[in-house]
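Below, all heavy atoms of this structure are taken into account, side chains as well, without hydrogens, waters or symmetry copies. Note that the coordinates shown come from a computational prediction; the quantities given were computed from them, not determined experimentally. Reminder, nothing fancy here: chain letters follow the sequence lines and each chain counts from 1.
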Amino acid sequence: MAKQYWLMKSEPDVYGWDNLVQDGSGIWDGVRNHSAKLNMQAMQVGDEALFYHSNIGKECVGIMKITEAAFPDPTAEEGSPWVVVRVEPGRALAHPVTLKAIKADPKLADMDLVRLSRLSVGRVTPDEWKHILKRSEQPEG
DNA sequence: GCCAACGTTGGC
DNA sequence: GCCAACGTTGGC
C-alpha cells in the first residue's frame, strides 16, 4: 500500500516533540477513542505522521515515522481494544505550522484536525501533507 | 432504542 | 475560565 500520512496530537507539557527526540523512540499510548484507534490500526511501518502540540503551541512541530504497526496498549486493561504504534522522530519542521495558519488556508481548512478538533489521531491526505511541509519551510507558514 | 445528563477534549 | 463538540452512561 502507498505510504499514508497522519497527524498525532500530544500536549507538550505531558509529552512533547523534545521528549520524543530525547527518547529516540516511543509508543503512542493512552489513546482512548475509537476513531483514533482505527486510524492507528490502519498505520503501516514507513508511514509518516506530524507531531502536533495541542493546548500549548497549537502547531505542528515535527515529522515522525511509524516503526511498528499497532499492538495492544500496555497501559490499558487486559482485553481492552486499545492499541499503540511505535514511532521515531524523523525531523523537526524548520518552522512550526500553526493551527491558525491551517485554518486560514483553504487547502488545509478541511483537515481532520480542523473538522474533528477532538480527534487525537487523524488522517492527512498526500496533498495536505505536501502543502504543510511547503509552508513549514518559511516563517509564519 | 431514545435521550438527557455528564465528563472530556481542546480552542479561544 | 468558558464553551462547543463529542462520547459515554444510565434511566426509561
Under 4.0 Å, heavy atoms only, any strand: does A/Lys100 hit a base, just the sugar-phosphate, or nothing? nothing

Verify the distance criterion only: is there a donor paired with an acceptor across the side chains of A/Arg32 and A/Thr75 at less than 3.5 Å? yes

Would you mind reading off the distance between A/Leu116 atom CG and B/dG11 atom C1', rounded to a whole angstrom? 14 Å

Under 4.0 Å between a Lys/Arg side-chain N and an Asp/Glu carboxylate O for A/Lys65 and A/Glu88? no

N/O-N/O pairs, protein side and nucleotides 8-10 of chain C side, under 3.5 Å:
none

So, A/Lys3 and A/Glu48, do they make that salt bridge, N to O below 4.0 Å? yes

Show the distances under 3.5 angstrom between N or O atoms of the protein and N or O atoms of nucleotides 1-4 of chain C.
none

A/Arg115 CZ to B/dG11 C1', straight-line distance once rounded to whole Å: 17 Å

Considering only heavy atoms from C-beta outward, does the side chain of A/Val121 approach that of A/Met43 to under 4.5 Å? yes

Nearest heavy-atom contact between A/Leu93 and A/Cys60 is CD1-O, 3.4 Å

Between A/Trp6 and A/Tyr52, ring centroids under 6.0 Å: no

Any donor-acceptor pair under 3.5 Å linking the side-chain atoms of A/Tyr5 with those of A/Asp127? no

With ring-ring contact (aromatic ring centres under 6.0 Å, His included) as the test, would you mind laying out the steps for A/Tyr15 and A/Trp28 before giving the verdict? CA-CA 10 Å; A/Tyr15 192 88; A/Trp28 204 270; 7.1 Å; no

